[in-house]
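Following: one structure in structure tokens, then a few remarks.
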Amino acid sequence: MNGPQDLGGQMGHGPILPEPNEPLFHAEWEKRALAITLAMGACGAWTIDTSRHARESLPPATYLAASYYEIWIRALENLLTAHGLVDKPELAAGHALSPAGPVKRVLKAAAVPGVLAAGSPYDRPCASAPRFKPGDRVMARNDHVATHTRLPRYIRGREGEIVANHGSFVLPDSNAHGRGESPIWCYGVRFGAEELWGAGAEPGCEVMVDCWETYLTPARERAA
């Protein structure tokens, strides 16, 4: 969806100013925000893509005014209420007002290091052969959907070159909305800066973007 999270290539937001020696957390509550989000993600009520969609669905004014972990917590509140795990009176009270509902899994504290170290692989076998190969010229689809997508706005309708086939992975656009994992091929695509931002772009620069196959069409279809 075209939300406040998709700022790539947009002007007016000021420079990116990395914080020297930035700490992992800027406040104690951020540690709890991370822990609660991971614990609830592990319960199996939603997918990581559903969680991302919940964050990008926050109102733009809310999203842009919030810090990183504030965005996580606000989205988590919406997920918890949407799935009937917490209700609004409980959020207002700051504690449970009724017995907890059942969940598929519970992440115990002792298991956290192992679970985090193992990660969550999202590569899956794909039933179809790859449509593209390195060297192919492709066009990013100019699609503007109201649902979740990992197709950045600034490359839509732009031409690039396939430089790698990374393998087949869960398609976020489907997985975010309970429509299944729908694994498909994912490619590394190179876009020239001038193609993206015109003649005023810095000469010789390029951007590499990982694109699922459904985001791309052959460049020869550009005039169609």
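Values below: every heavy atom of this structure, side chains too, minus hydrogens, waters and symmetry copies.
Thr81 is not listed as a side-chain neighbour of Asp87, based on a closest heavy-atom distance of 4.5 Å or more. Here the side chains of Ser168 and Asp123 are not in contact, with every heavy-atom distance at 4.5 Å or above.
Closest of all the heavy-atom pairs between Gly41 and Trp46 is CA-NE1, 4.0 Å. Nearest heavy atom pair, residue Leu85 against residue Pro102, reads CD2-O, 4.2 Å. Nearest heavy-atom pair, Pro60 versus Pro4, reported as atom, atom and distance to 0.1 Å: CA-CG, 3.8 Å. Nearest heavy-atom pair across Ser182 and Ser174 is OG-OG, 3.1 Å. Of all the heavy atoms in Asp210 and Gly188, the pair that sits closest is OD1-CA, 3.7 Å. Closest non-hydrogen pair, Cys186 versus Asn165, comes out as O-OD1, 3.6 Å.
Taken to the nearest 0.5 Å, the CG atom of Asn175 stands 5.5 Å off from the CD atom of Glu181. Of the inter-residue distances, the one linking Arg156 atom CZ with Met139 atom CE reads 14.5 Å to the nearest 0.5 angstrom. Ile73 CD1 to Thr37 OG1: the interatomic distance, rounded to the nearest 0.5 Å, is 4.5 Å. Rounding to the nearest 0.5 Å places OH of Tyr122 at 7.5 Å from OG1 of Thr47. Residue His95 holds its NE2 atom at 9.0 Å from CD of Glu90, rounded to the nearest 0.5 Å. Note that the SG atom of Cys43 and the CG atom of Leu38 stand 12.0 Å from one another [nearest 0.5 Å].
Remark: Lys88 pairs with no residue by the salt bridge (charged side-chain N to carboxylate O under 4.0 Å, His left out) rule, at least two apart or across chains. Scanning for salt bridge (charged side-chain N to carboxylate O under 4.0 Å, His left out) contacts around Arg52 gives Asp49, with sequence neighbours left out.
By the criterion of side-chain heavy atoms lying less than 4.5 angstrom apart, applied directly or through intervening Ile, Leu, Val, Met, Phe, Trp or Tyr residues, Leu58 is not grouped with Ile48; the two fall into different hydrophobic clusters. The cluster map of Ile, Leu, Val, Met, Phe, Trp and Tyr, joined by side-chain heavy atoms under 4.5 Å apart, puts Ile36 and Leu91 in the same cluster. There is a path of hydrophobic side-chain contacts, each under 4.5 Å, that joins Val106 to Leu76.
Classified by interplanar angle (parallel below 30°, tilted 30° to 60°, perpendicular above 60°), the ring pair Trp72/Tyr68 is tilted.
With hydrogens and angles ignored, the 3.5 Å screen pairs a side-chain donor or acceptor of Glu213 with a backbone N or O of Arg131. The closest donor-acceptor contact from the side chain of Arg124 to the backbone of Pro121 lies under 3.5 Å. Between the side chain of Glu56 and the backbone N or O of Gln5, no donor-acceptor pair lies under 3.5 Å. Here the side chain of Arg55 pairs no donor or acceptor atom with the backbone of Ile71 at under 3.5 angstrom. Counting only distance, with no hydrogens or angles, the side chain of His148 and the backbone of Thr50 share no donor-acceptor pair below 3.5 Å. When atom types are taken as modelled, the side chain of Asp143 and the backbone of Val145 share no donor-acceptor pair closer than 3.5 angstrom. Remark: the backbone N or O of Lys133 is paired with a side-chain donor or acceptor of Asp136 at under 3.5 angstrom. Formation of a donor-acceptor pair under 3.5 Å by the Thr149 side chain with backbone atoms of Met1 is not found in this model.
In this structure, a donor-acceptor pair under 3.5 Å is present between the side chains of Glu19 and His26. Neither side chain, His144 nor Arg153, offers a donor N or O lying under 3.5 Å from an acceptor on the other.
With respect to Glu77 and Arg74, no salt bridge is recorded, no charged nitrogen being found less than 4.0 Å from a carboxylate O. A salt bridge is defined here as a Lys NZ or Arg NE, NH1 or NH2 lying under 4.0 Å from an Asp or Glu carboxylate O, and Glu161 with Arg190 meets this definition.
Apart from Val189 itself, the hydrophobic cluster it occupies contains Phe132, Val138, Leu151, Tyr154, Ile155, Ile162, Phe169, Leu171, Ile184, Trp185, Tyr187, Phe191, Leu196, Trp197, Val207, Val209, Trp212, Tyr215, Leu216, where clustering links Ile, Leu, Val, Met, Phe, Trp and Tyr at side-chain heavy-atom distances under 4.5 Å.
Atom CZ of Arg32 sits in a sparse spot, with 12 or fewer heavy atoms from other residues, nucleotides or ligands closer than 6.0 Å. In this structure, Gln10 places its CD atom where more than 12 heavy-atom neighbours from other residues, nucleotides or ligands lie under 6.0 Å away.
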